[in-house]
Amino acid sequence: MKNWPLRWKVALYSASLAVAATLAGATTTWFVMRHAEIAAFDRRLTTDAQEFFRDVEHFERSRTNSGPVFNEILVPLSLRKHLVEVTDANGAVLYLSPRLRQPFPRDGIKEFHNHKIDGKNVRLAEFSENGLTLRAGDDLKEINQIGRDIFLAMLGAIPTVLLVTLVGSAWVASKAIAPVEEIRQAAKRITAQRLDQRLPVPPTNDEVAGLIEMLNTTFERLQRSFEQSARFSADASHHLKTPIAILRADVEEILADVNCSESTQARAEGLLHRIHHLSSVVDNLLLLSRADAGRVELSKAEFELGEVLEGVLDDALTLAEPLDLTVEADIPKHLPLKADPTFVALIAQNLVENAVKYNTPGGRIRVEARAVNGAVEMTIGNTGDGIPQERAGLLFERFFRVGGGARVPGHGLGLSIARELARAHGGDVKLVRSDESWTEMRVHLPQVA
């Protein structure tokens, strides 16, 4: 249920509430009707008893001395359908209604009360006048028939109530959350490359409109912060390129000077190596700032992926030699791809360099490529210590390094650049496996970027 759409959750909750309300209403109605019917029964029985004693009194006045003391014709028809017993002053039974098999038990209670007779719950009362005693009552099931029928009818209506409430609530919920769905669709269009987009504000002055205005304000602040960050990275990288280029030229000039001592030459070579590293960091930051701003320009061309990966594999063999690593490849001869060959090579190179840096001596690297449903997948795997599960989510963060310390060269930008370049092509880079013996990255690129 957690993954259900909101409209169906609302519909289900509403239907459940409607069923609960129907049950509560049916139960309440049954109790109210039960007490009302019992009260009406008591009134009717009292009235019939009064009529009975009036008829008996008239009969007493009109009878002769030789006539009978009581005649069953005196019992009103309205009483005969109930359970009725008439006794004289000595307790002799003068009349039993057809439904009453035996006389009522003598409990000494005259007021209306409930008594168990033959397994039935009977409502009865006792009336006495002119030497006669009338005991009358009826089965509570017969008394409460109307309330029970209403209760059962309401229970029978539950499926209809459930269906109508489900459909109606789903329709109402879909209308109510339609603005939220529009917000979701509009928000999907707001990306790092399109932070200038805003959510449409509905003309209504309700909570949804207030929420959208607040989100638009947040997006404006986010856009300003993002643009300032991207501008800073781009400006810093751009302004650093010139002094680095001058510094590199000066060092190369020292290296070209034949009059320099060997110690100076050695120091200059070390310095030049560090300058190259610094220049690489600056280039990477500049590339990432362009990716953040959505200004990565792709020089698309159709080429064979195997030809591009051939150069990457040659570099991999050179890098793997000091660690005695085995480099394996499974790349089809014909695997066309329309993309930027320079950037595709950079993606593969960054992943292969990572596979070398975080490998173990005598380990293995495997590079595979294949066509899958109109796309190309490159898989780069390597032996070595796996990536801890709690740190896998940070793998593509900038300047994040899994481990290795100072013995592993790099700045933690390679995977970030690989993923940004893949996404610029409409693809992605993901970690698909990492355990104690094997780590595997997969690049997904559409064949036509």
Legend entry - Non-hydrogen side-chain atoms of Ile387 and Tyr358 separated by less than 4.5 Å: no
Legend entry - Flag, side chain of Asp88 to backbone of Asn90, donor-acceptor distance under 3.5 Å: yes
Legend entry - Glu397: partners by side chain to side chain donor-acceptor pair (under 3.5 Å), with sequence neighbours left out: none
Legend entry - Residue pair Leu337 / Leu305: nearest heavy atoms and the distance that separates them: CD2-CD1, 4.2 Å
Legend entry - Step-by-step side chain to side chain contact (heavy atoms under 4.5 Å, CB included) determination, Val356 to Leu325: CA-CA 8 Å; Val356 173; Leu325 303 177; 4.1 Å; yes
Inset, instruction - Could you label the plane-to-plane angle of the His35 and Phe31 rings as parallel, tilted or perpendicular, counting under 30° as parallel and over 60° as perpendicular? - result: parallel
Inset, instruction - Check Val312 against Ala345 and note the closest heavy-atom contact, atom names and distance. - result: CG2-O, 3.8 Å
Inset, instruction - Mind checking salt bridge (Lys or Arg N to Asp or Glu O under 4.0 Å) for Arg106 and listing every partner two or more places apart, or none if nothing turns up? - result: Glu85
Inset, instruction - Salt-bridge test for Lys338 and Glu302: reply yes if a basic N is under 4.0 Å from a carboxylate O, no otherwise. - result: no
Legend entry - Ion pair check, Arg99 and Asp138, cut-off under 4.0 Å: yes
Inset, instruction - Check step by step if side chain to side chain contact (heavy atoms under 4.5 Å, CB included) holds for Thr133 and Val86. - result: CA-CA 6 Å; Thr133 299; Val86 180; over 6 Å; no
Inset, instruction - Can you measure from CD (Glu420) to NE2 (His425) and round to the nearest 0.5 angstrom? - result: 13.0 Å
Inset, instruction - List for me each residue that meets side-chain contact (heavy atoms from CB on, under 4.5 Å) alongside Thr383, sequence neighbours excluded, and say none if there are none. - result: Asn359, Thr360, Arg364, Trp438
Inset, instruction - Give, for atom CD1 of Ile109 and atom CD of Glu111, the distance between the pair rounded to the nearest 0.5 Å. - result: 8.0 Å
Inset, instruction - Determine whether Asp340 and Val344 make a side-chain contact, defined as any pair of heavy atoms from C-beta on separated by less than 4.5 Å. - result: no
Inset, instruction - May I ask you to test the Glu304-His334 pair for a side-chain heavy-atom distance under 4.5 Å? - result: yes
Legend entry - All side chain to side chain donor-acceptor pair (under 3.5 Å) counterparts of Glu377, not counting sequence neighbours: Arg370
Legend entry - Residue pair Leu421 / Asn350, side-chain heavy-atom distance below 4.5 Å: no
Inset, instruction - Could you tell me which non-hydrogen atom of Ala136 sits nearest to which non-hydrogen atom of Leu45, and how far apart they are? - result: O-CD2, 3.5 Å
Legend entry - Closest heavy-atom pair and its distance - Leu79, Ala49: CD1-N, 4.5 Å
Legend entry - CG on Leu124 to CZ on Arg135, rounded to 0.5 Å: 9.5 Å
Inset, instruction - Report yes if the side chains of Met441 and Leu415 come closer than 4.5 Å at any heavy-atom pair, otherwise no. - result: yes
Legend entry - His113 side chain to Ala125 backbone, donor-acceptor under 3.5 Å: no
Inset, instruction - Would you please indicate if the ring centroids of Phe41 and His82 are separated by under 6.0 Å? - result: yes
Inset, instruction - To the nearest 0.5 Å, tell me how far Thr87 OG1 sits from Tyr95 OH. - result: 14.0 Å
Inset, instruction - Could you tell me whether the side chain of Ser97 and the main chain of Val84 form a donor-acceptor pair under 3.5 Å? - result: yes
Inset, instruction - Any chance you could lay out the salt bridge (Lys or Arg N to Asp or Glu O under 4.0 Å) test for Arg433 and Asp435, step after step, and finish with the verdict? - result: CA-CA 7 Å; Arg433 175 185 170 186; Asp435 52 38; 3.0 Å; yes
Inset, instruction - Give the intermediate values and the outcome of side chain to side chain contact (heavy atoms under 4.5 Å, CB included) for residues Glu368 and Ile331. - result: CA-CA 6 Å; Glu368 297 178 353; Ile331 303 168; over 6 Å; no
Inset, instruction - State the CD-CG distance between Gln349 and Leu346, to the nearest 0.5 angstrom. - result: 6.0 Å
Legend entry - Salt-bridge criterion met for Arg423 and Asp428 (N-O under 4.0 Å): yes
Legend entry - Leu335 vs Val376 side-chain heavy atoms within contact, under 4.5 Å: yes
Inset, instruction - Considering non-hydrogen atoms only, spot the tightest contact between Ser299 and Pro341 and give its length. - result: O-CD, 3.7 Å
Inset, instruction - Sequence neighbours left out, what passes salt bridge (Lys or Arg N to Asp or Glu O under 4.0 Å) with Arg80? Give chain and number order. - result: none
Inset, instruction - Indicate yes or no: at least one non-hydrogen side-chain atom of Arg123 is less than 4.5 angstrom from one of Ile38. - result: yes
Legend entry - Which atom of Leu132 lies closest to which atom of Phe53, heavy atoms considered: O-CE2, 3.8 Å
Legend entry - Sidechain N-carboxylate O distance under 4.0 Å for Arg366, Glu328: yes
Legend entry - From CA spacing to verdict: side chain to side chain donor-acceptor pair (under 3.5 Å), His115, Asp107: CA-CA 9 Å; His115 198 95; Asp107 54 10; 3.2 Å; yes
Inset, instruction - Decide yes or no for Asp330 and Val367: does some side-chain heavy atom of the first lie under 4.5 Å from some side-chain heavy atom of the second? - result: no
Legend entry - Asp55 side, atom CG; Asp48 side, atom CG - distance, nearest 0.5 Å: 10.5 Å
Inset, instruction - Applying ring-ring contact (aromatic ring centres under 6.0 Å, His included), name anything that partners His444, two or more places apart in sequence or on another chain. - result: none
